[in-house]
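One structure coming up, written as structure tokens, with questions to follow.
Just so you know, these numbers use all the heavy atoms, side chains as well, and skip hydrogens, waters and symmetry mates. Everything numeric here is computed off the predicted structure, so don't read it as measured data. Below, chain A is the first sequence line, B the second, and so on; all start at residue 1.
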Amino acid sequence: MTQEVSTSLQFVFSCPLSSGLHARPASHLAEVVNQFASDCTLTNLRNGLMANGKSVLGIIAADIRYSDQCAVRVSGADEHSAHAALRQFVAEALPLCDVPLAVSAAPIRSNTPPRPLKAAGVSCSFGVPVSRGIAHGKVVIVSRMTLPSSLSTPNKTDSQKELDHIKDAVAAVRRRIGEKLKYSITPAGTAVLQADLAMASDVFLVEKLTEQVLRGKSAGQAVVETGEFFIDLLRHSDNEYVRERSSDIEEICLQLLEEIYGASPGSAPVALHEPSVVVAETLAPQQLLELDRRWLKALVLEYSGSTSHAAILARSLGIPTLVGVRNARLVLPPGSEVVVDANRGLVVSYSLAAVRRFYGREQQTLQRRRELWSRQTEKPAITLDGQRIDVAANASSVEELVIAFENGADGIGLFRTEMIFLGREYPPSEEEQFAIYAEAARTAGGRPVVIRTIDIGGDKRVPYLNLPPEENPFLGYRGARIYAEHHQLLQSQLRAILRASALGQVQIMAPMISSLEEIVQFKDAIIQAKQHLIRNGMPFQPDLKVGIMVEVPSVAFILDQLCSEVDFFSIGTNDLSQYFFAADRNNSKVNELFSVRHPSFLRFLKQIVDQIRLAGKWAGMCGEMAADIRNLPLLVGLGLREISVPAVEVREYKRTVSRLYASDCGVMVERSIASAKVLEVDGLLGQQPLQAAQPLLARELILLGSTSKNKEEVIQEMVDAFYVASRTEDRHLLEEALWAREAVYSTGLGYGFATPHCKTDAVAADSICVLRLREPINWDSIDGERVRMVVLLALRNSEVANNHMQVFSTLARKLMNEDFRQHLLEVETADEATTYLAAQLGTAMTGER
Amino acid sequence: MKIVAVTACPTGIAHTYMAAARLEKIAKNFGHEIKVETQGAMGIENRLTENDIRQAHIAIFAVDIEVEERERFNGVKVIQVPLQEALKNPENIFSKLQH
């Protein structure tokens, strides 16, 4: 026997992913290994665990966590190419494998009920909110999917037959998941299913199943024992993420059993008939998807993982969800009505009067906040000299788009579509894309949504695009440049966008256009997609607007030609500036060289904007320059009439626009352009302070007909008023700061007045809040009298350099004056109170009518 | 009688100033001459000068916290009360002075 000389190749890497090498990245890694014949062993040098690189489960079981050192050894016929491919994967693609699926969970709160509930002696169960919101419904308990511990199937002797059963079952389960994948419309759902698919095809799993059958087990028993083997393996990990994968395995095994026996040994799907709160130990993703969304109001899970697939799905579906609720199935009786407060992290019986009252008030608060918020945000942003600026938002998902409109966006200036294409094995179908674009168009409700077609280059790993890795991907094959080769991909995306245009004001934008030919070809592709839709009788907006990103400098010199081809231009400063300065913005040695505020770049921008406007076309800006609010005066001064900014900042931009003079901004741009360096431009910008402090008084903070019944409710009502007026985002912190002061000694100062106060950055602005009670209440005042009037003072910790403290001290002194107190007790309207206080205290006021 | 006083409360936002206003008013009712220094969120205001303190017959501290620069009052007779006292029963403080 000749011994082959093994030339096994080896390298070591450090795990770059903060949640470790869990299911999704592991499936990508295994997929790379499986392209080669060579064997690959992964050794976690921290714990010595070894894994077959072809097995997702094996990799997961090696419990590779953030910054763990791992040795990769490859040996076999094609070891050299496998080694090279793996090295490249680990260096380039792996760090990007862990695209966050949804917004992060809310911070964990201390386990105390809200003050008014505590005062009423109500006890709550606590958990960690992983998907926010408040909802109530009847408790429905869903039992965990468990593998039957023993299946009374005798041992079989015909191993081949049993192996065939298993082979068929595995194939059927894969098909099943594949089917579901086709109809998956949320990126989160797709990612979960893809991980399941990888697990169902895992070589390690199939190996174990075969091993069991060869020992004389029936197909069913092999599945049960294999399932238990893996569940045990995963559950013993001390990584939460890995432990949670055990429920995925369980689910796959149950499906295998279903295929083998023709029926599910697990629990039947639960039918919901009324608003329900589903309570379970844990929930498998597919179990969650089977619940009737019309009646599923909230989820309460005993299991404490915020990264479980069920939690991720719940977030993407917007279902209020608590995890880690101890003994939930015992404390929450089936059929009882409960409120799940996944803002505060508690669940409590809805049958108690105090709870109904508290959540009734809470609902009013949330309603008022929404109303005031939308009244404030729906107003267009107009400069002091009457120039309207559209403040749009950038978004990569429908969730983000919702946030943008909540913040008052005038449209979506850049809807990125890359997320839909990344992190998957097959391109998204036209239907899947249509579902997303249609939802975006509907949500926008008539406001424009600019959808940018796929903008991907060699820096991203997309298996079905086969983009070659490049030395310098930013100067390479990317954006619109790949469209000729990936014609079908572009066609299905264009058709999906066009179809969505029938449902709202959708526009198409092409990325990385650098020449006239490219845009002509792009428009031809749109015509082709339109013809296809016409042939199939599908509606679309015939005169849908087409624009391009201005991000390659060559475009600046053919704007006259381009203006006759496209309807609009959106300046993408990230790429434009790095191409303009020939400086890589990720290279710290050179990134100081280029600043979007450099006079040369400002000149370049001015030239671009002037030309576009001269041609009567529309010029906007997305990207980082627009994302820095300090640049706003420059953007307005350049003559941009639309800017697209991060979704959460829209409101602040609108507010800031309304404090600018467009003419001043124009002068500032002229002076900036004449400057010699960035520092001078920064100096000019610094002369115009943007952030005027909010006034102390606001009509929304004057509450003259309070029906609160006790001190707890009064403080809560006042804190809620801050929340309604967007003067606090952290009610708990503000409330506790006030109570901390009350704990020193009561702020009831006598004469029926109380003055709770605090110093905390939980308030967005120094504020005075006034509340007058219909029925006086006890406040442990120094004169023992009940309180009718509450004057609350909240001061920020970090800003003392204003005259607000002066006003507070004046107010405190005035409260010692009987006439002043009497006036407040008799004032009739909030307006009157605000005007009186403003005059007495010599301060400004604000408010929304 | 010439009186100097200092008011100071834990947060220095409200009670410091209420107490100051109260002391000033009641002192007047009693026919005293008073100057009240506040030690609140804005630091020391209406600062008592060396001269003020030297001329005063008595110093009233209506405070819940340490008085800043207390050494200024060495050699002066001091009455210290919890700040609440200045709000609740300021008259008591002054009537004590009569004796």
- prompt: Is a salt bridge present between B:Arg72 and B:Glu37, judged by a nitrogen-to-oxygen distance below 4.0 Å?
  reply: yes
message: Please classify the contact of B:Thr38 with chain A as side chain, backbone, both or neither, using a heavy-atom distance under 4.5 Å.
response: side chain
- prompt: Quick check: does any side chain N or O of A:Ser746 sit under 3.5 Å from a backbone N or O of A:Asp780, one acting as donor and the other as acceptor?
  reply: yes
query: Measuring heavy-atom distances to chain B, does A:Arg741 have an atom under 4.5 Å in its side chain, in its backbone, in both, or in neither?
result: side chain
task: Select one option (side chain, backbone, both, neither) describing which atoms of A:Tyr745 are under 4.5 Å from chain B's heavy atoms.
output: side chain
- request: Against chain B, label A:Ser781 side chain, backbone, both or neither, depending on which of its atoms sit under 4.5 Å from a heavy atom there.
  value: neither
message: Would you say that A:Val719 contacts A:Leu738 through its side chain, given a criterion of any heavy-atom pair below 4.5 Å between the two side chains?
response: yes
Best-contacting candidate, B:Glu24, B:Glu45, B:Lys25, B:Lys88, against chain A by heavy atom pairs under 4.5 angstrom: B:Lys88
field: Any donor-acceptor pair under 3.5 Å from A:Arg772 side chain to A:Val827 backbone
entry: yes
query: OG/A:Ser708 to CG/A:Leu771 distance, rounded to the nearest 0.5 angstrom?
result: 6.0 Å
- prompt: Does any heavy atom of chain A fall under 4.5 Å from the side chain of B:Asn89, the backbone, both, or neither of them?
  reply: neither
